[in-house]
Amino acid sequence: MSLRIFNVLGREKQEFVPIEPGRVNMYVCGPTVYDHAHIGHAKSYVAFDVIVRYLRYSGYDVLYVQNITDVGHLLETGEDRILRKARQAQSVPMKIVEDYTRSYFEDMDALGVVRPDISPRASGHIPEQIKMIETLLAKGHAYVVNGSVYFDVTSDPDYGKLSNRRLEEQEAGARDTVRADEKRNPEDFALWKKAEPEHILRWDSPWGEGFPGWHIECSAMAKKYLGTTFDIHGGGIDNIFPHNECEIAQSESANDAPFANYWLLVGSLTVDGVKMSKSLGNFRTIKDALQSYRPEVIRTFLLTAHYSNPIDYSDDALQAATGGWERINNAVRLLRRTMAGAPQSEAGSDFLPRVEEARRAFIEAMDDDFNTPRALAGLQEFTRDVNALLNSGQPLGLAILTAINAVYTTLGGGVLGIVGQSEAASSDGQREAALVELLIAMRAQARVNKNYAESDRIRSELARIGIVLEDRPDGTIWRVQS
RNA sequence: GACGUGGUGGCGGAGUGGCUGACGCUGCGGUCUGCAAAACCGUAUACACGGGUUCGAUUCCCGUCCACGUCUCCA
């Protein structure tokens, strides 16, 4: 079995063959940092997080680059998003950029998203962008007008190959913009924009003071860190046009080499059936979501749909994800508790083939275009059998328990990021645990005395503060309700 | 309008040319329990509509309807 990926470029599932065996160079379009990240960002970056984690689990040496856009991403009005935010917040652009970059990483860390290896900023790569623009000019793919530089889409016969757009078809419906008169063709896009006096994000260039267009940063930075041709380019489907299309046009025209071999685009996220977007103002931030649901539950929710499909964020769906996540984690908790008192033996090892089957099914699902819903389903089926085993009363040695735990730790934890590596215990947690154990002992005494009124009172009082008790044949265990 | 994706049970959401259409959630019944909880077992009227191809289609093709996305604001 080998990894197969749905390549948006060509729209077919293909066997994944990296340029250099064992290595994967990967670029994912990052956020424009002018506001807090929303759960749509979470969907995208959790998806690529799992993809990177799985590639690494599969043995690939992955170099993961994800940019931070801090300049050049204009609004329809021609105003820079970051400048507008700075004006609204009565702040300065680079402070806005810094604040929201930190906020972004804070959110990603909270969601357990492994950080990219390189997080280059557009504003830190102006020379690289200028150089690429000069190359495009020299090759006749771009032209200068009034201190701005535009890419001539008619110079690239492949323009439109990713999003399946033909120039002829576009022209009829092309929108007139304020600056259209500067362009030779309506579809031409800015590589460099002349800065008006009020535009304070500005740099010197061969064409006067200005700032880079939005698309050129990705081309320039991908080239700098990954080379002219790299393996995987990722992003959100909503950026397929124009952004991704323009990236390809610029890079391939400038480098005379293919840009990315595989394009993976993530489906959008809606909230209660409506598309969420910054401009509509109906977006839920990741910080909002984390108020209501724990990070692993949010990840579980996002991974129940295939990355390329859209997903709808609703309380019902998150509740269902909570239930599914708890089922797996209840099993893991029971497993680890059983391990703590298990003998060093091979007892119960006839379950080992089932463990191997679980791993095999998981790999098969993930090898099929990172099919996390199927991988998750396999883990759930495995959990059913694990629960049955753990509750069967038969003696279980450390060997089999360790093997089961490894599945949860490496696949549920290491790849999907929804299972903890161990039961974390802070010092506060230890004190809390000791107190709960004390109450459990008191309740046990009451039960021995058949004083059920008292034992039930303890149980319901604990439940009120979110601690759930479970009486098992070998004693009472407890957990914090999520 | 163009391009693209999709319409699966009470909900979310996989998947397949024929074998009982996963998995999770929810509901109901059962086992276990002092009672619960957790877990396990069982169960519930699902493949938008109309044609076509085929021995046979939910799965392939065409059309219709609907939903969503993109068409230089967005991961």
Side-chain angles (χ1 to χ4, degrees), chain A residues 8 11 28-32 35 37-45 47-48 73-77 79 81 160 163-166 169-170 172-175 177 186-190 213-215 234-243 245-246 265-270 273-280 283 300-301 304-306 308-312 314 316-328 330-331 333-334 365 371-381 383-388 390-392 447 450 452 455-456 459-460 463 468-473 476-479:
Chain A
V8 177
R11 295 182 199 274
V28 172
C29 289
T32 303
D35 207 340
H38 55 63
I39 48 183
H41 293 110
K43 169 164 163 60
S44 258
Y45 299 126
F48 287 112
H73 200 164
L74 304 184
L75 289 157
E76 213 164 29
T77 55
E79 191 176 18
R81 296 161 173 285
S163 57
N164 263 327
R165 279 162 218 270
R166 296 274 136 262
E169 291 164 354
Q170 288 303 303
R175 207 187 288 181
T177 67
E187 302 78 15
D188 289 353
F189 54 91
W214 172 35
H215 316 301
I237 186 74
D238 44 349
N239 271 339
I240 189 170
F241 189 88
H243 182 62
E245 200 67 74
C246 296
L265 300 180
V266 177
S268 296
L269 180 140
T270 53
V274 194
K275 186 180 195 268
M276 182 174 63
S277 81
K278 288 175 184 173
S279 57
L280 287 179
F283 69 91
T300 303
F301 160 70
T304 53
H306 189 253
S308 63
N309 285 346
I311 193 169
D312 190 55
S314 67
D316 280 355
L318 267 293
Q319 283 304 326
T322 303
W325 178 81
E326 280 182 343
R327 182 160 175 276
I328 288 175
N330 285 345
R333 186 182 305 109
L334 181 58
N371 195 324
T372 55
R374 235 168 68 202
L376 226 34
L379 234 37
Q380 289 287 6
E381 285 177 278
T383 296
R384 187 211 308 132
D385 294 340
V386 168
N387 273 322
L390 293 175
N391 290 315
S392 67
R447 292 180 72 207
K450 302 244 193 294
Y452 294 122
S455 68
D456 288 353
R459 185 172 62 193
S460 59
V468 181
L469 300 189
E470 295 175 20
D471 295 330
R472 298 185 54 77
T476 298
I477 62 175
W478 65 281
R479 66 192 160 87

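Just so it is clear: chains get the letters A, B, ... in the order the sequence lines come, proteins before strands, and each one is counted from 1.
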Atom NE2 of A:His306 and atom C1' of B:rC68 are separated, to the nearest Å, by 18 Å
- Which value, in whole Å, describes the distance between the P atoms of nucleotides B:rU5 and B:rG9? 22 Å
- Return no unless some side-chain N or O of A:Arg384 is found under 4.0 Å from OP1 or OP2 of B:rC23. yes
Re B:rG29: Watson-Crick or G-U wobble partner, both distances kept under 3.5 Å, found to be B:rC41
**Prompt:** Has A:Asn371 got a side-chain N or O lying under 4.0 Å from the OP1 or OP2 atom of B:rG15?
**Reply:** yes
For the side chain of A:Thr304 and the backbone of A:Phe301, is there at least one donor-acceptor N/O pair under 3.5 Å apart?
yes
Any strand, both distances under 3.5 Å, Watson-Crick or G-U wobble: B:rG50 pairs with B:rC62
A:Gln380 has its side chain closest, among B:rG15, B:rU70, B:rG24, to B:rG24
key: Pairwise side-chain contact, A:Ile477 with A:Arg333, heavy-atom cut-off 4.5 Å (strictly under)   = no
**OP:** For A:Tyr45, answer base if it contacts any base atom (sugar-phosphate contacts may also be present), sugar-phosphate if it contacts only those atoms, and nothing otherwise; contact means non-hydrogen atoms under 4.0 Å.
**Re:** sugar-phosphate
| message | Please classify the nucleic acid contact of A:Ile477 as base, sugar-phosphate, or nothing, using heavy-atom distances under 4.0 Å. | response | nothing
Expressed in whole Å, how much space separates the C1' atoms belonging to B:rC32 and B:rA48?
44 Å
Side-chain atoms of A:Glu381 come closest, of B:rC11, B:rA75, B:rC23, to B:rC23
(message) Taking B:rA57 as the reference, what is the distance to B:rC47 when you measure between their P atoms (whole Å, please)?
(response) 15 Å
- Task: Mark yes or no for whether A:Arg479, through its side chain, and A:Asn330, through its backbone, hold a donor-acceptor pair below 3.5 Å.
- Result: no
Please report the C-alpha distance between A:Ile240 and A:Glu245 in whole Å, then the side-chain angles of each, then the deciding distance to 0.1 Å, and finally whether the side-chain contact (heavy atoms from CB on, under 4.5 Å) criterion is met.
-> CA-CA 6 Å; A:Ile240 189 170; A:Glu245 200 67 74; 5.5 Å; no
When rounded to whole Å, the NE2 to C1' distance for the pair A:His243 and B:rC74 reads 11 Å
From CZ of A:Arg459 across to P of B:rA37 the rounded distance in Å is 8 Å
Using Watson-Crick geometry (N1-N3 plus N6-O4 or O6-N4) or G-U wobble (N1-O2, O6-N3), each under 3.5 Å, B:rU20 is paired with none
Per atom distances to the A:Ser268 side chain, the nearest of B:rG34, B:rA75, B:rA39 is B:rA75
Winner on side-chain proximity to A:Ala388, out of B:rC40, B:rA75, B:rA14, is B:rC40
A:Ile240 CD1 to B:rC68 P, in whole Å, measures 20 Å
Ranking B:rC3, B:rC23, B:rA37 by distance to the side chain of A:Val468, first place goes to B:rA37
### Query
What does A:Leu469 touch in the nucleic acid at a heavy-atom separation under 4.0 angstrom: a base, only the sugar-phosphate, or nothing?
base
### Task
For A:Arg447, report the nucleic acid contact type (base, sugar-phosphate, nothing); a contact means any heavy atom under 4.0 Å.
base
*Separation of the C1' atoms in B:rG15 and B:rU8, to the nearest angstrom*: 10 Å
Closest to the 5' end of RNA chain B, once A:Gly40 and A:Arg11 are matched to their nearest nucleotides, is A:Arg11
As its Watson-Crick or G-U partner within any shown strand, both distances under 3.5 Å, B:rA14 has none
Q. When rounded to the nearest Å, what value does the distance between C1' atoms of B:rA46 and B:rC11 take?
A. 12 Å
Winner on side-chain proximity to A:Glu470, out of B:rC74, B:rA38, B:rG15, is B:rA38
>> What contact category does A:Gly30 fall into here, base, sugar-phosphate, or nothing, at under 4.0 angstrom with non-hydrogen atoms?
In response: sugar-phosphate
How far does the C1' atom of B:rU45 sit from the matching atom of B:rG10, given to the nearest Å?
11 Å
Examine B:rU5: is either OP1 or OP2 under 4.0 Å from a nitrogen or oxygen in the side chain of A:Ser308? Give yes or no. no
P atoms of B:rG27 and B:rA36, separation to the nearest Å: 16 Å
*asked:* Does the plane of the ring in A:His215 sit parallel, tilted or perpendicular to the ring in A:His243? Use 30° and 60° as the thresholds.
replied: tilted
Separation of B:rC71 atom P from A:Asp238 atom CG, nearest Å, is 8 Å
Winner on side-chain proximity to A:Asn164, out of B:rC74, B:rA37, B:rG4, is B:rG4
Quiz item: Which part of the nucleic acid, if any, lies within contact of A:Ser455, taking any heavy atom under 4.0 Å across all strands shown: a base, the sugar-phosphate backbone alone, or nothing?
Solution: base
Ranking A:Arg327 and A:Ala305 by the position along RNA chain B of their nearest nucleotide, the one closer to 5' is A:Ala305
Go through it in stages, so that I can follow the logic: the residues are A:Thr476 and A:Arg459, the test is side-chain contact (heavy atoms from CB on, under 4.5 Å), and I'd like the CA-CA distance, side-chain angles, deciding distance and then a yes or no.
CA-CA 11 Å; A:Thr476 298; A:Arg459 185 172 62 193; over 6 Å; no
When rounded to whole Å, the CG to C1' distance for the pair A:Asn330 and B:rA38 reads 7 Å
A:Lys43 NZ to B:rC68 C1', in whole Å, measures 13 Å
By the Watson-Crick or G-U definition, both distances under 3.5 Å, B:rC71 is matched with B:rG1
CG (A:Asn239) and OG (A:Ser163) are apart, to the nearest 0.5 Å, by 11.5 Å
Review point. So, does the side chain of A:Asn309 form a donor-acceptor pair with the base of B:rG13 at under 3.5 Å?
Key: no
A:Trp214 side chain reached by A:Cys246 side chain, heavy atoms, under 4.5 Å: no
Paired to B:rG34 by Watson-Crick or G-U wobble criteria (both distances under 3.5 Å) is none
Requested in this report: Using the P atoms only, state how far B:rA39 lies from B:rG24, rounded to an integer number of Å.
Outcome: 11 Å
With the side chain defined as heavy atoms from C-beta on, A:Tyr452 is closest, among B:rA38, B:rC74, B:rG34, to B:rG34
In whole angstroms, the gap separating C1' of B:rA38 from CG of A:Asp471 amounts to 10 Å
Checklist entry - Can you find a pair of side-chain heavy atoms, one from A:Asn391 and one from A:Leu334, that are under 4.5 Å apart? => result yes
